[in-house]
Amino acid sequence: MARILITSAIPYINGIKHLGNLVGSQLPSDVYARFNRALGNEVMFICATDEHGTPAELAAAKAGKPVADFCAEMHAVQADIAKGFRLSFDHFGRSSSQRNHTLTQHFAGKLAEAGLIREVSEKQVYSNADGRYLPDRYIEGTCPNCGYDAARGDQCENCTKQLDPTDLLEPRSAISGSTDLEVRETKHLYLCQSQLRDKLDAWIDSKTDWPILTTSIAKKWLHDGDGLQDRGITRDLDWGIPVKKGAEEWPGMEGKVFYVWFDAPIEYIAATAEWADAHGYDDSKWERWWRTDKGAADVKYVQFMGKDNVPFHTLSFPSTIMGSNEPWKLVDFIKSFNYLNYDGGQFSTSKGRGVFMNEALEILPSDYWRWWLLSHVPESSDSEFTWDSFQQGVNKDLADVLGNFVSRITKFCRAKFGEEVPAGGDYGAAEQAVINEISTRLAAYEGHMQAIEIRKAAAELRAIWAAGNEYLQAAAPWTTFKTDPEAAATTVRFALNLIPFYAVLSEPFIPDAAATMLAAMNATGTAWPTDVATALGTLKAGDSFTVPDVMFAKITDDARDEMQARFAGRS
RNA sequence: GGGCCUGUAGCUCAGUUGGUUAGAGCAGAGCGCUCAUAACGCUUUGGUCGCAGGUUCGAGUCCUGCCGGGCCUACCA
C-alpha cells in the first residue's frame with residue numbers, strides 16, 4: 001500500500017477562521033486524506049496552529065492575556081472547530097511546541113554550517129510607547145505620494161504606491177497611535193535563498209504536473225527582477241522560537257526569535273513528532289515519514305494551501321530542507337487554491353462580513369458546508385459563496401438526489417417487504433446496465449481524486465447518486481409489485497445495496513451522512529469497492545436494516561434570507 | 001508600473017496534443033411517475049465561446065492588440 005503524507009497550511013492563531021480559510025486548505029486536504037485511507041493507503045495527515053508573530057502578541061494583549069495562555073486557548077478552540085468539521089488530522093499540533101523549537105533551531109544550525117545564513121545589520125522602527133519594534137505595516141502616516149492620511153508603512157492603500165516606513169509623513173504606531181518612534185540599528189539573520197536559486201528552479205521545472213497556480217507563482221519569485229532574494233528569518237520579538245544555532249547560543253542574536261515563516265513549515269515535521277510523542281512512540285515512528293534515510297523514501301508528500309502561501313512552500317521551506325544537507329523529505333505535489341469570496345466581496349474579519357467556522361457549525365451540520373464548499377472549491381479561479389447558491393446546491397444534491405433516494409427506497413421496502421432485504425431473483429439486464437455505468441463513473445471518480453481535482457470528483461459522485469434514482473424510476477418497483485412481487489423484490493434488493501455503496505464513496509465528502517447510511521443498513525465497516533458487481537451484492541436477502549431519519553433537511557427560503565441578513569456585515 | 005491567472009448558455013463550471021452539429025449541473029418550459037424530504041425520471045428552450053485582427057484546409061483551443069474581473073509584487077501571516 002502507498003504511503004501518503006499530507007499537510008494542510010497551518011491556520012494563524014489570532015482568531016477563528018472563516019469559510020474561505022477552511023475551503024482553501026483544510027477541507028480539500030481532508031477529502032484527500034479520507035480517500036486515501038479508504039483505499040487502504042497508509043496516511044499521515046498533519047495540521048497545526050501557527051502561533052508566533054506580532055499579530056498573535058497584539059491579539060493576546062487585546063484579550064488581556066499572556067500570549068502563551070492566549071495561544072493555548074485559541075488552539076483548543078480551533079481544534080474543537082476542526083473536530084466539528086470532521087477534519088481528520090492525525091495530529092493537530094502547535095508551532096510553539098518544544099518539538100518545533102528544537103527542530104527549528106536545528107535547521108538554523110545546519111543552514112549556518114552550510115554557509116547559507118548571513119548576518120545583516122538593518123534599520124528598524126522602534127516604538128517607545130509600545131515597547132516594541134514595529135513591522136512596516138504597523139506604522140501609519142501620511143502618504144508622500146497622494147496625501148492619504150492612513151497609509152501603511154509597506155504600501156499606501158489609497159494610491160497603491162509601495163512605501164518604506166521612513167517615507168511616511170508624520171509616522172505613528174498603528175497599535176497605540178504614538179508618534180514617539182525612532183529608527184534603531186538591529187542585526188538579523190538572512191537565509192541565502194539566492195544561492196539555491198538554480199537548484200530550486202530546476203526542481204520546479206521538473207514538476208510538470210503541478211497546478212499552474214503553484215508553478216507560476218514560484219517562477220515569478222525565482223525570476224522577477226534580480227531573482228530570488230535572501231530573506232530575513234529573525235525578528236525582534238518576545239514571542240517565538242529563540243534564535244539558536246542548534247543547541248548552542250547564537251552570539252549577537254540574544255533576545256531575538258525566528259520569523260514565523262521560518263518556523264511555521266518546520267512545524268509540519270515537528271507536529272508529526274508531536275503525534276509520536278502523544279502516542280508514546282519513539283522517534284523512528286515519525287522519522288519514517290520525514291527522513292528518506294529512515295524509511296520515508298517511498299512516501300508521497302502532498303501539501304495543500306491557499307495561493308498566498310505558495311512562495312513559502314515552493315521556495316522558502318524547500319530552501320530550508322535542501323540547504324540543511326540532511327535527507328529530509330521534500331514535497332512531491334503542491335495543491336494550491338484561489339480565494340473564496342462572500343456574496344459579492346471578500347470575507348472580512350474586521351467588518352464581520354461572511355461566515356466564520358464556529359458560526360457555520362451553529363447554523364447547519366458540517367456535511368452541508370463540506371459538500372457545498374468542496375463542490376465549489378476555488379481550483380481554477382476565485383469562487384463565490386452566495387446563500388442562494390448554497391441553498392440550491394445543498395437542497396438539490398444532498399436532500400433531493402442523495403437523501404431522498406435513501407428515504408424512498410428504505411420506506412418503500414419497509415412498507416412492502418418489511419425492514420429486511422427481500423430476496424427476489426438474480427440481477428438482470430437493468431441491474432447490469434447500472435453496474436456498467438457506475439463502474440465507468442467510479443473509475444472517473446477515483447481518477448479525479450488521485451489527481452486532486454476536487455470539483456470534478458464531486459460532480460462524478462453526484463452523477464453516481466443520480467444513477468440510483470434513474471434506475472428506480474425505470475424499474476418502478478411500486479408498479480411491478482402489483483403483478484410481479486418477485487421482480488419488485490429484486491429491484492429493491494439492488495437499490496438497497498446502493499446505500500452502503502454510496503456511503504463508502506461519499507465518506508470523504510460527507511462523513512457523517514456516510515456513517516448514518518452504513519449504520520442504517522447494518523453495514524459499518526464496508527470497504528472501498530474493487531468490483532462494482534460484487535459490492536452491489538453485499539446485502540443479502542434477510543439482512544435487516546432500519547429506515548434512517550431524514551438525512552438532510554432542506555434549507556427553506558426564510559432560513560436562507562435570515563442567514564443572509566445575519567452575516568451581511570456591519571458596513 | 002511589472003508579472004500571473006481568468007472571461008464559454010440566466011447562474012456555477014467542463015472542454016484533452018487545434019478536427020465534424022460547443023457539453024454538464026442548477027434555474028426555465030413540457031410530459032411522465034406517485035415509492036419518496038411536493039421528492040424522482042424523460043424531453044426540451046438558452047451560447048456570433050469578452051472584442052478586433054492574424055496563422056491554418058480547419059480556432060473555444062495557437063499568435064498579436066484591446067476591454068473586463070482577480071491575485072501577487074517579498075516586514076501581516
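Below, chains carry the letters A, B, ... as their sequence lines are ordered, and counting in each starts from 1.
When Watson-Crick and G-U wobble pairs are counted only if both distances are under 3.5 Å, B:rA39 pairs with no nucleotide at all. Pair check for B:rG23 finds B:rC13; Watson-Crick or G-U wobble, both atom distances under 3.5 Å. Across all strands shown, the partner of B:rC66 is B:rG50, judged by Watson-Crick or G-U wobble contacts whose two distances both fall under 3.5 Å.
Using a 4.0 Å heavy-atom distance criterion, A:Glu470 is classed as a sugar-phosphate-only contact. Counting any heavy atom pair closer than 4.0 Å across all strands shown, A:Lys220 reaches a base atom. Among the atoms of the strands shown, none is found under 4.0 Å from any heavy atom of A:Thr386. Contacts of A:Lys456 with the nucleic acid, taken as non-hydrogen atoms under 4.0 Å apart, involve only primed sugar atoms and P, OP1 or OP2. Nucleic acid contact class of A:Asp388 (heavy atoms, under 4.0 Å, all strands): none. Among the atoms of the strands shown, base atoms are found under 4.0 Å from some heavy atom of A:Glu122. Residue-level contact check: A:Tyr339 touches the backbone only, with heavy atoms under 4.0 Å from sugar-phosphate atoms and none from bases. As judged by a 4.0 angstrom heavy-atom cut-off over every strand, A:Val260 is placed among residues touching the sugar-phosphate backbone only. Residue A:Ser216 is classed as a sugar-phosphate contact, given heavy-atom separations below 4.0 Å to backbone atoms only. Within the 4.0 angstrom heavy-atom criterion, no nucleotide atom of any strand lies near A:Glu384. Residue contacts for A:Ser375: at a heavy-atom cut-off of 4.0 Å it reaches no nucleic acid atom on any strand shown. Contact annotation for A:Gly227: base contact, defined as any heavy-atom pair under 4.0 Å involving a base atom.
OP1 or OP2 of B:rA77 has at least one side-chain nitrogen or oxygen of A:Tyr259 nearer than 4.0 Å. Under 4.0 angstrom from either OP1 or OP2 of B:rA39 there lies at least one side-chain N or O belonging to A:Lys554. Of the side-chain N and O atoms in A:Lys396, none sit less than 4.0 angstrom from OP1 or OP2 of B:rC11. At B:rC40, none of the side-chain N or O atoms of A:Arg408 fall inside 4.0 Å of OP1 or OP2 (strictly under the cut-off). At least one side-chain nitrogen or oxygen of A:Ser380 sits closer than 4.0 Å to the OP1 or OP2 atom of B:rA14. An OP1 or OP2 oxygen of B:rC76 is reached within less than 4.0 angstrom by a side-chain nitrogen or oxygen of A:Arg137. The phosphate of B:rC42 has neither OP1 nor OP2 within less than 4.0 Å of any side-chain N or O from A:Tyr471. Listed pair A:Arg462 / B:rA24 fails the phosphate criterion, with no side-chain N or O lying under 4.0 Å from OP1 or OP2.
If you take CG of A:Asn469 and P of B:rU37, they are 13 Å apart, rounded to a whole angstrom. If you measure from atom CG of A:Asp382 to atom C1' of B:rG69, you get 9 Å, rounded to the nearest angstrom. Counting to the nearest Å, the C1' atom of B:rC72 and the CG atom of A:Asn309 are 13 Å from each other. Look at CD1 on A:Ile464: it is 18 Å from P on B:rA24, rounded to the nearest Å. One atom, CH2 of A:Trp372, and another, C1' of B:rC11, lie 12 Å apart when rounded to the nearest Å. When rounded to the nearest whole Å, the span between NE2 of A:His448 and P of B:rA24 equals 16 Å. B:rA77 atom P lies 15 Å from atom CH2 of A:Trp239, rounded to whole Å. Separating the CG atom of A:Leu498 from the C1' atom of B:rC40 is a distance of 15 Å, rounded to the nearest angstrom.
One C1' atom belongs to B:rG10, the other to B:rU73, and the distance between them is 37 Å to the nearest Å. On the C1' atoms, B:rA39 is 35 Å away from B:rU21, given to the nearest whole Å. Comparing B:rA29 with B:rA36, their P atoms sit 26 Å apart, to the nearest whole Å.
Along RNA chain B, the nucleotide closest to A:Ile212 and the one closest to A:Gly403 are compared, and the more 5′ of them pairs with A:Ile212. Where A:Ala264 and A:His376 meet RNA chain B, the nucleotide closest to each residue was compared, and A:His376 sits on the side nearer the 5' end.
A:Glu437 has a carboxylate O that lies under 4.0 Å from a charged side-chain N of A:Arg441, or vice versa, which qualifies the two as a salt bridge. Salt-bridge formation is detected for the pair A:Glu379/A:Lys335: a Lys NZ or Arg NE/NH1/NH2 atom is positioned less than 4.0 Å from an Asp or Glu carboxylate oxygen.
Relative to the side chain of A:Trp478, the nucleotides B:rU34, B:rU37, B:rG70 differ in distance, and B:rU34 lies closest. If you check B:rU34, B:rU12, B:rA77 against the side chain of A:Phe312, the one that comes closest is B:rA77. In the set B:rC75, B:rA36, B:rC71, the nucleotide with an atom closest to the side chain of A:Lys411 is B:rA36. For A:Ser383, whose side chain is taken as the heavy atoms from C-beta onward, the closest listed nucleotide among B:rU34, B:rU37, B:rC13 is B:rC13. Taking every side-chain heavy atom of A:Arg455 into account, B:rU12 is the closest of B:rC75, B:rU12, B:rA39. Residue A:Met551 places its side chain closer to B:rU37 than to any other of B:rU34, B:rC5, B:rU37.
Scanning all heavy atoms of the two residues, the minimum distance from A:Tyr471 to A:Thr491 falls at OH-CA, 3.3 Å. Closest non-hydrogen pair, A:Thr234 versus A:Leu189, comes out as OG1-N, 3.0 Å. The shortest heavy-atom contact between A:Gln124 and A:Leu134 is OE1-O, 4.3 Å.
One cannot find a donor-acceptor pair under 3.5 Å joining the base of B:rC13 and the side-chain atoms of A:Glu379. Taking 3.5 Å as the limit, the base of B:rC42 and the side chain of A:Gln473 contain no donor-acceptor pair of atoms between them. Interface remark: the A:Asp400 side chain does not form any donor-acceptor pair with the B:rA39 base, using a distance-only criterion of under 3.5 Å.
Ring planes of A:Phe417 and A:Phe412: perpendicular class, angle over 60° (limits at 30 and 60°). The aromatic rings of A:Phe390 and A:Trp372 lie perpendicular to each other, with more than 60° between the two planes, well past the 30° mark.
A cation-pi arrangement is not found for A:Lys17 relative to A:Phe356, the charged atom failing to lie both closer than 6.0 Å to the ring centre and inside a 45° cone about the ring normal.
Taking syn as a glycosidic angle within 90° of 0, B:rG46 qualifies as syn.
Judged by distance alone, the side chain of A:His75 and the main-chain N or O of A:Cys71 form no donor-acceptor pair under 3.5 Å.
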